[in-house]
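Some notes on the structure that comes next.
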Amino acid sequence: MPQAEDRSPMIMLLGRRDEPTDAVRDYSNCLSRSLRRQGVTCEASEVRWQNQGWIVALVKLWKESRSWRGRWVVLHYTALMWSRRGFPFAVPLLLQVLKLRGCRTAVVFHDVYAHAGSGWIDRFRVAFQEKIMRHLSTRADRAIIPVPLERVPWLLNLTSTIVFIPVGANVPSLEELARDGFVPVPNAISTVAVFGVPTWPAAQEREVHAIVQSVRHACGKIGELQLLVLGRGAKEAEPLLRAGLSGTGVRLRVDGLRSSKEISAGLSSCHVLLFVRGALSSRRGSGVAAIACGLPIVAHERASH
């Protein structure tokens, strides 16, 4: 990767924007700021395939990358960033364009697990995604994976070009807030934080049920408490949460989408983060954000990955 004396900006290559928030772009921005402190500047480039179609997008990338020879290009990868239905057919072509232009390439895999459904198309999608990720990891000059390498099911050969780097928090840490004069003030009432709820109906219902059961149990043990729900999907899940907590001593506060500083301030005012989205791991940005804000985490008791 570039050294401080290398003045050529690094390129952050991004695909389709997620709405209403985009965790990958947040990560890219945080990474760029951190690299800047090390003397490495970054530029962002977007491949607008979802608006222009893949042929036009690849032609534009070919033209834009004319001046990128010898520079590092970091391709940020999730399957849905590069495809509508989880079949990222064109990503190897992106990498090939960069190779032909003489770029040095790194791929950041933001999610290395493809979760299968019950249908044959779901199983085919998983197999296809794993094949694409395996191809990218062997063809790129560097592959960056956010979980320990031995826990990646599709990774066959370990080489020095494949490295494990946990994700960082996409929100400011307590230390960063303190530099701006922020002093955390815990809520007077015991407060449990939830950072992010799925918007997909089946996943939303399953996760809200787990949240409600957990908070009800805690309320029965310690008495009155508050549940603070932040981030994406919070407002959409509010009706289910209110219905599930009706008649309990739980106060529900739904802040929803906020600025990164407001998220950090909200988390730091709580007493614990409740994480029910599977096993906590080094790829879970919401869990990492809680740690950065000084929160203990309650999660499933099983091996993480």
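For the numbers below, each heavy atom of this structure counts, side chains included, while hydrogens, waters and symmetry mates do not. Positions are given from 1 along the sequence.
The shortest non-hydrogen separation linking R104 to D141 is CA-OD2, 3.3 Å. Contact between A234 and G256 at its shortest, heavy atoms only, is CB-CA, 3.7 Å. When all heavy atoms are compared, the tightest approach of S32 to C42 is OG-CB, 3.5 Å. Summarising the geometry of L228 relative to G266, their closest heavy-atom pair is CD2-O, 3.7 Å, with the distance given to 0.1 Å. When all heavy atoms are compared, the tightest approach of A237 to V208 is CB-CG2, 3.9 Å. Minimum heavy-atom separation, V197 to Q204: CG1-CG, 4.3 Å.
Put simply, the side chain of H217 reaches to within 4.5 Å of the side chain of K221, judged on heavy atoms. At a threshold of 4.5 Å between non-hydrogen side-chain atoms, the residues V91 and W82 count as touching. No side-chain heavy atom of Q226 sits less than 4.5 Å from a side-chain heavy atom of V250. Two residues are said to be in side-chain contact when any heavy atoms from C-beta on lie closer than 4.5 Å; I211 and L227 meet this criterion. Proximity of Y77 to I132: side-chain heavy atoms (C-beta onward) are separated by under 4.5 Å at one or more points. Put simply, the side chain of I165 does not reach to within 4.5 Å of the side chain of P146, judged on heavy atoms. Residues V298 and L273 form no side-chain contact, since every pair of their non-hydrogen atoms from C-beta on lies 4.5 Å or further apart.
In this structure, H76 NE2 and L14 CG are separated by 5.5 Å, a value rounded to the nearest 0.5 Å. Distance CZ/R25 to CG/L31: 14.5 Å, rounded to 0.5 Å. Here OG1 of T105 is found 8.5 Å from CZ of R139. Values are rounded to the nearest 0.5 Å. To the nearest 0.5 Å, the span separating OG on S137 from CD on E130 amounts to 11.5 Å. Atoms CZ and OG, from R71 and S8 in turn, are 6.0 Å apart once rounded to the nearest 0.5 Å. Expressed to the nearest 0.5 Å, how far CD of E46 lies from CG of L61 amounts to 12.5 Å.
Using a cut-off of 4.0 Å between Lys/Arg side-chain N and Asp/Glu carboxylate O, R16 and D18 are scored as not salt-bridged.
A donor-acceptor contact shorter than 3.5 Å links the side chain of R258 to the backbone of D255. Distance alone, capped at 3.5 Å, is enough to place a donor-acceptor pair between the T191 side chain and the I189 backbone. At distances below 3.5 Å, not a single donor-acceptor pair connects side-chain atoms of Q52 with backbone N or O atoms of W49. In this structure, the side chain of T138 engages the main chain of H135 through a donor-acceptor pair within 3.5 Å. The backbone N or O of A210 lies less than 3.5 Å from a partner atom in the side chain of S214, making a donor-acceptor pair. Under the 3.5 Å distance criterion, the side-chain polar atoms of S246 are left unmatched by any main-chain donor or acceptor of R242. Distance alone, capped at 3.5 Å, is enough to place a donor-acceptor pair between the Q129 side chain and the G86 backbone.
Other residues, nucleotides and ligands contribute only 12 or fewer heavy atoms inside 6.0 Å of the NZ atom of K60. Taking a 6.0 Å sphere around CZ of R48, one finds it holds 12 or fewer heavy atoms contributed by other residues, nucleotides or ligands. Applying the 6.0 Å contact sphere to CG of L156 captures more than 12 heavy atoms from other residues, nucleotides or ligands. Within 6.0 Å of NE2 in H209 there are 12 or fewer heavy atoms belonging to other residues, nucleotides or ligands. No more than 12 heavy-atom neighbours from other residues, nucleotides or ligands sit within 6.0 angstrom of CZ on R251.
A distance of 6.0 Å or more separates the ring centres of Y113 and W154. Ring centers of Y27 and H110: under 6.0 Å apart, within the cut-off. Ring-centre distance between F275 and F195: not below the 6.0 Å cut-off.
Hydrophobic clustering (ILVMFWY, side-chain heavy atoms < 4.5 Å, transitive): L274 and I222 are in one cluster. The cluster map of Ile, Leu, Val, Met, Phe, Trp and Tyr, joined by side-chain heavy atoms under 4.5 Å apart, puts V47 and V59 in different clusters. Hydrophobic cluster membership is shared by L100 and W68, with clusters built from Ile, Leu, Val, Met, Phe, Trp and Tyr side chains linked at under 4.5 angstrom. No continuous path of hydrophobic side-chain contacts links F109 to L80 [ILVMFWY only; heavy atoms under 4.5 Å]. The cluster map of Ile, Leu, Val, Met, Phe, Trp and Tyr, joined by side-chain heavy atoms under 4.5 Å apart, puts L93 and V73 in the same cluster.
In this structure, F89 and F87 have parallel ring planes: the angle between them is below the 30° cut-off, well short of the 60° mark.
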Review point. Which is it for I11 and V74 under the side chain to side chain contact (heavy atoms under 4.5 Å, CB included) test, yes or no, and what are the steps along the way?
Key: CA-CA 6 Å; I11 307 297; V74 180; over 6 Å; no
Practice item. Carefully, step by step, assess L98 and L94 under the rule side chain to side chain contact (heavy atoms under 4.5 Å, CB included). Key: CA-CA 6 Å; L98 300 175; L94 287 176; 5.6 Å; no
Exercise for review: Please report the C-alpha distance between M12 and E43 in whole Å, then the side-chain angles of each, then the deciding distance to 0.1 Å, and finally whether the side chain to side chain contact (heavy atoms under 4.5 Å, CB included) criterion is met.
Suggested key: CA-CA 6 Å; M12 298 288 170; E43 297 175 355; over 6 Å; no
Exercise for review: List the steps, then state whether side chain to side chain contact (heavy atoms under 4.5 Å, CB included) holds for V229 with E238.
Suggested key: CA-CA 9 Å; V229 189; E238 184 173 359; over 6 Å; no
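For the pair R101 and W62, the distance from NZ or CZ to the six-membered ring centre is under 6.0 Å and the angle to the ring normal is within 45 degrees.
E64 and S45 share a side-chain donor-acceptor pair at under 3.5 Å. Q50 and R17 share no side-chain donor-acceptor pair at under 3.5 Å.
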